[in-house]
Amino acid sequence: MKIVVCVKQIPEGNSRIDPGTKRLDRGGEGALNAFDANAVEEALRLKDSTGEGEVVLLSLGPAKALDALRKALAMGADRAVLISDQAAAGSDLVATSYALAKALEREGADVVLFGQQAGDSDGAVLWAAVADRLRLPVVSQAAEITHADGKLTVKRQTEFGYDVIEAPLPAVVAVSDAINEPRYPSLKGIMGAKSKPQETVTLADLGVEADRAGEQGSRTEVSALNDPPARGDSKKIVDDDGNAAQAIFDFLAEKRLV
Amino acid sequence: MSSLVFLEHHGDELLKGSLGVLAKAATLGDGDVAGIVIGSGVRALADAAGTFGAAKVYVADDPQLEAPLPQPRVDVIAQLVRDKEIHTVLFGNSVLAADIAAGLAARLDAGINWDLVDLVQQDGKLVGKRPALQDSVYVDVGWTAEPRIALFRSGSFDPNEQGGSAEVEDVQVALEDFSTLARMVDQAHEESEGPSIEDAPVIVAGGRGLGGPENFTLVEELAKALGGAVGATRAVVDAGWYPYSTQVGQTGKTVAPKLYIACGISGAIQHKVGMQSSGVIVAINKDTNAPIFEFSDLGVVGDVDEVVPKLTELVKQRKSS
Amino acid sequence: MTKPADFPSPFRTAEYVAAPSDPPEERIDVGVLIVGAGPAGLACGIRLGQLLEDAPEVRERLGEVPVAILEKGKQAGSHLLSGAVVNPRSLRRLFKGRKRVDEMPFYGPVEHESVYFLTNKSALRIPAPPTMKNEGNYVASLSRLGRWLADQAEEAGAMLLPETAAEKLLVSDGRARGVRTGDKGRGRDGQPLGNFEPGSDLIAKVTVLAEGTQGHLTGVALDRFGLTGENPQVWALGVKEVWKVKRPLDRVIHTLGWPLRPGAKYREFGGSFIYPMGEDMLTLGMVVGLDYRDIELSVHDLLQELKAHPLLRKLLEGGERVAWGAKTIPEGGLLALPKQLHAPGLLIVGDGAGLVNVPALKGIHYAIESGRLAAEAAFASLQRGQTPATPGALAGYDETLRESFVWKDLQEVRNMRPAFGRGLILGGALAAAMTATKGRFPRRDLGLERDADVDLIRTDRAKSYPAPDGKLTFDKLSSVFASGNKTRDDQPNHIVLQREVPQDIALLWERMCPAQVYEATETGVDVTPSNCVQCGAITAKGGRLTPPEGGSGPEYTLT
């Protein structure tokens, strides 16, 4: 069974901004995204459960993205494929999903896994788009996956509780962070990661046309960056006369919260 | 040319999030606003949609659409967009809506902007506003072609029940072969008691400063009076005062209610990261140096046992008057 | 009043020494194992790489992984923090013929410098003491320099293993064999969690301990191999911030005096530094000896207080804080060095050894030189066909270190720090005499007193600490956040200390710790280990810091 995990590189322009300092935190670069670690872990478990198979990492990003893939290789993935191409710069979901779909076709995966990214991340809804292009069933928010007889049974977490959904292979699944606790790579794993096969491909290698890539292939744009709306001045009062409760109440009433 | 709002439902109710988006779409003045309801036996919902601002509601009613799965809905909406030359499709975020919106983007090669908190007309273009990088910047995003897909952060807008009725139109349902490969075997049927803490518009949370588990009743009373949920810090959950499902923070839930009242909570980072995006934060703590006072909108240095019950009374009085 | 030494840590060296126990198919062999990717460890790795380039036979002997460097932080630099003004001498030597100083990540040469004596309102310019002249030196962020050195080390062939803590020293037949790495995935009470991953035995022909201040295995090794010198080590705690500023700073500034109190009874030795970092940033820090007596002293809060001084207000106006961190500095100098810095199969380098020149505020170039010399000693031993674990095989390291400029410098200033234990005025006079005589005065070396043995007093010092305003001054918790600390909060407690201590001790720890790890309670002290930025102050004052799970702790980038 071939399981391909789509790993999102934390891109340079989108690093974590420390809310305390409001500074770009470059420390995250090259690190494996936490949600992707869940996906890699699930892939490894699926492989372990079938007793055979291959776990392949797929990522789209600059050459440095290989660093992020290294940790996933250290966890036990078998090889990594990096789509690295200048022409891919500025790709939005439309363009990215297209490139990934081409790469996934080339791999011929049985299961494609994504980590369910945080809402504000670039990859936040990528899997459904990729699945549509591949014409494969997709299930998201997977909190549990079992595999038997050529199909996956997925427990999907929704706002209303858990659904149980079945999908025949090949299928695309986005896993939630509730699905597992990613393993720590063993020291042997970390040391062996470097020598695992790591392939870099260009968009041309994948047959992605120039007008389907990068800004040309995108349909959205970012036009401005602004400061967030001000929190407003904070007030601090002392309850020395038992009137604090009233003060709070008035405050809430003023803000129409009661 | 018109815009289309996906109206999600659960059971026999349209979801508030979708109705909020409908209300927003109606204000954009960008052509007609239509809604679409998709499912099995959902006619009645279409009628209901009319009272929330939809001039027209499309109905895709088919047994194959009974289960809340995304891919058949992509088929239906994509077809409609092509047939009716729809220029903008809008969604209120949910597990289902996100999958539909993204699948639709691929199907139509249409630009999608998500996690939007607002949408405006600016210099003749449609511009979305969204927070990014953990709410530290606000970004203006746009589309370079049509159709456009917009996915709004849940709870961004309030529904506008203005009465009225909509013209209802049935749509043909033709599904792709791969869209029905995923099958619902067992649909979620647990109804949670009261608002789940993540969706609660108001959260009253308790920390170590409460003094003991028995004092959580103060928190519960206030939460109930405000129609909100109870939250807890890691410290008290670890101490067994309150269940893990209510834990707010780095190893608990991240919440962003309209109102967060922190009782006896110091505001340690582990907790802060779980609630710092709340609309209004009120903190009550005995310790004047508690860090929570740095990021609360109103800080009260005082005794939780004194302040909270009084506040609860005031809220109850207001509610009953 | 009590003192911290009355409540010693229950730490037992024996618990951190073990014989290799992994079965042969699980054990991991490397050639030279370096513990710590700081300037000393990385210099060692780089030098080894250079030497091995031209010595394929020695390279063969070292196996598949000739040089491995362990780092407990998320990446090289994550746990590195210093001022810093670096003397480029050692870097020039290390990279001779390969890299020039202008290719190294410095923020520029020191162009001007000033020393001030502060009162709470004024700043009196005083001449820079001769030991503190920084001409020819460069301003650096040690964290950034560390990342660069790590790249060089990898290019030179070393394998960097981040997020890996060295928990135990592997010893058999009286020889150091390597280290056992720490477990990952344990819960609060030490119980294995779902993703528990046990550590591994890493066996090496030579183990180099480059763990920096309060090195965990360094302390273990000194004890196990009986290397502890006559005098105890003493430390200072430094807390610093990096600020983005509107106007560039054109000089390196050091201050003495306020907010520290000069009287001998307080024993507040230290000062502040303010260094420019390019055109738009600067760093400022407060350093105070941990032999201070007042339980209300908080170095973090002194730093916040300092920022209200007119001199600093002007510099910081319109700016914003972008980083914060804390770390201890070994201050004992030559007098506190271990008897020797090698043991069978083992070498000790850098701050872990205590190679810091306190009056000059320099340690980085000594760390680099010591790392380089350690590499040469290890290489020489291997080239001779020796087994480095043979007793005496690595003695060359101590020999060359004693012949180096490192030793010469430390020798000259060896009595300065102890002099300041006598208060600023007397200490200053003694120091001046030492400088004038190049260390020949005094004839008999002064002694050092253990930080934890100092008698405590209590004043109302805390009254004047500023309330944090989130713009100029900050509380400890949001500062820990600014350090990038993302430690899992259900990790086991890595700080070994007695919990039931009198209020005074608890309050001492509460104030001392820059990361608010300790909280005085009715019965003693509460510990929040996930806040810990691993500065090491607790080890100086009655507790014992051990490395937490690899990868946790701060993620410094600009410190």
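Convention: sequence-line order gives letters A, B, ...; per-chain numbering from 1. Owing to the predicted nature of the structure, the values given are computational and were not obtained by experimental measurement. For the numbers below, each heavy atom of this structure counts, side chains included, while hydrogens, waters and symmetry mates do not.
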Would you call [X] and [Y] a salt bridge, taking side-chain N to carboxylate O under 4.0 Å as the test?
| X | Y | result |
| --- | --- | --- |
| R177(C) | D201(C) | no |
| K184(C) | E197(C) | no |
| D22(C) | K188(A) | no |

Exercise for review: State, yes or no, whether a side-chain contact exists between E54(A) and K47(A) at a heavy-atom distance under 4.5 Å.
Suggested key: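 No, too far: nothing below the 4.5 Å cut-off.
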Review point. Do Q304(C) and E241(C) come close enough that some side-chain heavy atom pair is under 4.5 Å?
Key: yes
Practice item. Please state whether the side chain, the backbone, both or neither of L193(C) comes within less than 4.5 Å of a heavy atom of chain A. Key: neither
Point to revise | Toward chain A, the part of E64(C) with a non-hydrogen atom under 4.5 Å | key: neither
Check your understanding: In chain order, what residues pass the ring-ring contact (aromatic ring centres under 6.0 Å, His included) check against W243(C), with sequence neighbours excluded?
Key ->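 Here no residue qualifies.
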Practice item. Tabulate, in ascending numerical order, the residues of residues 25-35 of chain C having at least one heavy atom closer than 4.5 Å to a heavy atom of chain A, or enter 'none'. Key: E25(C), E26(C), R27(C), I28(C), V30(C)
Check your understanding: Taking every heavy-atom pair that is under 4.5 Å apart, which of G194(C), S78(C), G185(C) has the most such pairs with chain A?
Key ->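 That would be G185(C).
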Practice item. Report, as yes or no, whether the 6.0 Å neighbourhood of atom CD on E199(A) holds more than 12 heavy atoms from other residues, nucleotides or ligands. Key: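 Counting other residues, nucleotides and ligands, CD of E199(A) exceeds 12 neighbours.
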